[in-house]
Amino acid sequence: MAASLASKWSRVILVGRSLLGGLGNNLSGLSSTSHEMASSNFLSQQQRTFVQMRTVLKVVDNSGAKTVMCIQPLKGRKVARLGDTIVASVKEAMPTGKVKKGQVVHAVVVRAAMQHGRSDGSEVRFDDNAVVLVNKAGEPTGTRVFGPVPHELRRKKHVSILTLAEHLA
């Protein structure tokens with residue numbers, strides 16, 4: 001039982017701070033009972049949802065916005081995942097930035113707290129939900145992207161965001 005749990009948890013890639021407060025993969029929970037593990041797994045899944053309407057997201061570029069609220073995911077979906085484009089409203093902005101508070105913008109989800117499965121069987125998840133502001137053509141508004149960005153954006157045709165990123169996850 002413990003070996004199967006260890007193999008399951010070894011394929012999850014945590015980027016940033018984990019829910020328990022440590023950095024990276026935290027495998028110290030393997031010595032706990034299966035009931036404690038199941039309850040902690042349930043609580044962590046309960047807090048992690050997809051990006052949907054009214055989700056507040058952090059902006060990780062230098063366009064001037066600090067936080068945005070999702071108005072609607074594009075392409076007729078109810079939720080957005082990594083690499084999806086959303087329409088958002090700027091909730092907080094710096095006074096000298098390119099975008100102002102209340103402005104409606106397009107953004108690409110670059111970090112999502114909900115885990116995302118990769119083709120090699122591993123899963124990646126982040127601590128926060130974050131976006132990069134783009135124009136309607138899909139080009140980034142800012143000139144820098146802060147923090148880790150997953151390489152799955154290449155498949156979604158957002159190579160320009162990957163070139164601006166300082167760290168690929």
Side-chain angles (χ1 to χ4, degrees), residues 12-26 43-119 122-169:
V12 175
I13 301 169
L14 295 175
V15 180
R17 299 188 65 78
S18 69
L19 289 175
L20 300 175
L23 286 172
N25 285 340
N26 191 353
L43 290 175
S44 67
Q45 286 181 352
Q46 192 175 23
Q47 294 173 351
R48 297 182 182 278
T49 59
F50 293 112
V51 176
Q52 57 189 356
M53 285 177 60
R54 299 184 60 88
T55 302
V56 177
L57 303 114
K58 184 178 173 183
V59 180
V60 291
D61 62 5
N62 61 350
S63 61
K66 294 180 181 178
T67 59
V68 296
M69 181 185 290
C70 178
I71 296 174
Q72 180 180 5
L74 291 181
K75 296 192 178 176
R77 296 183 181 164
K78 290 188 177 184
V79 295
R81 295 176 175 86
L82 284 177
D84 289 344
T85 305
I86 63 170
V87 178
S89 172
V90 178
K91 291 298 175 184
E92 286 183 58
M94 297 187 325
T96 59
K98 294 178 185 176
V99 295
K100 303 298 178 196
K101 181 179 175 180
Q103 188 174 351
V104 177
V105 294
H106 287 250
V108 173
V109 178
V110 294
R111 291 201 294 258
M114 185 72 178
Q115 60 190 6
H116 178 75
R118 288 186 169 169
S119 60
S122 65
E123 295 175 336
V124 63
R125 70 177 175 210
F126 297 93
D127 284 338
D128 58 349
N129 295 319
V131 295
V132 171
L133 300 185
V134 295
N135 58 13
K136 289 188 179 184
E139 301 162 355
T141 305
T143 57
R144 293 178 64 195
V145 176
F146 306 109
V149 174
H151 64 80
E152 282 89 0
L153 294 180
R154 180 169 284 124
R155 215 174 342 138
K156 300 269 186 154
K157 309 286 191 261
H158 297 295
V159 181
S160 57
I161 294 174
L162 288 173
T163 58
L164 299 176
E166 59 186 24
H167 182 268
L168 294 179

Where the side chain of E166 meets the backbone of G147, is there a donor-acceptor pair that is under 3.5 Å apart? yes

Looking only at heavy atoms, which two atoms of V110 and F126 are closest? And how far apart? O-CE1, 4.2 Å

Can you list every pair that meets side-chain hydrogen bond (donor to acceptor under 3.5 Å, both in side chains) and has a residue in residues 130-147, with sequence neighbours left out? N62-T143, N135-E139

So salt bridge (charged side-chain N to carboxylate O under 4.0 Å, His left out) across residues 52-65, not counting sequence neighbours, yields K58-D128

Shortest non-hydrogen contact from P73 to K78? CG-O, 3.7 Å

Please list, chain by chain and in numerical order, all residues satisfying side-chain contact (heavy atoms from CB on, under 4.5 Å) with A107, sequence neighbours excluded. I86, V131, L133

Backbone N/O of L57 and side chain of N129: donor-acceptor pair under 3.5 Å: no

Note: V59 and A65 closest approach over all heavy atoms is CB-O, 3.5 Å

Once rounded to the nearest 0.5 Å, what's the spacing between atom OG1 of T85 and atom NZ of K157? 13.0 Å

Applying side-chain hydrogen bond (donor to acceptor under 3.5 Å, both in side chains), can you list everything that pairs with R77, at least two apart in sequence or on another chain? D84

At what distance, to the nearest 0.5 angstrom, does OG of S63 lie from CD of Q103? 9.5 Å

Does anything in residues 145-154 form a side-chain hydrogen bond (donor to acceptor under 3.5 Å, both in side chains)? List the pairs, not counting sequence neighbours. R118-E152

Which residues pass the side-chain contact (heavy atoms from CB on, under 4.5 Å) test with E92, sequence neighbours left out? K66, T67

Just to verify, what does K101 make a salt bridge (Lys or Arg N to Asp or Glu O under 4.0 Å) with, not counting sequence neighbours? none

Over all atoms of both residues, closest heavy-atom pair of V90 and A93: CG1-CB, 3.9 Å

For residues V149 and L164, determine if any side-chain heavy atom of one lies less than 4.5 Å from a side-chain heavy atom of the other. no

Rounded distance (nearest 0.5 Å) linking atom OG of S89 with atom CD of Q72: 13.5 Å

Which heavy atom of A130 sits nearest a heavy atom of V60, and at what distance? CB-CG1, 3.7 Å

With V87, which residues qualify under side-chain contact (heavy atoms from CB on, under 4.5 Å), at least two apart? I71, L74, V104, H106

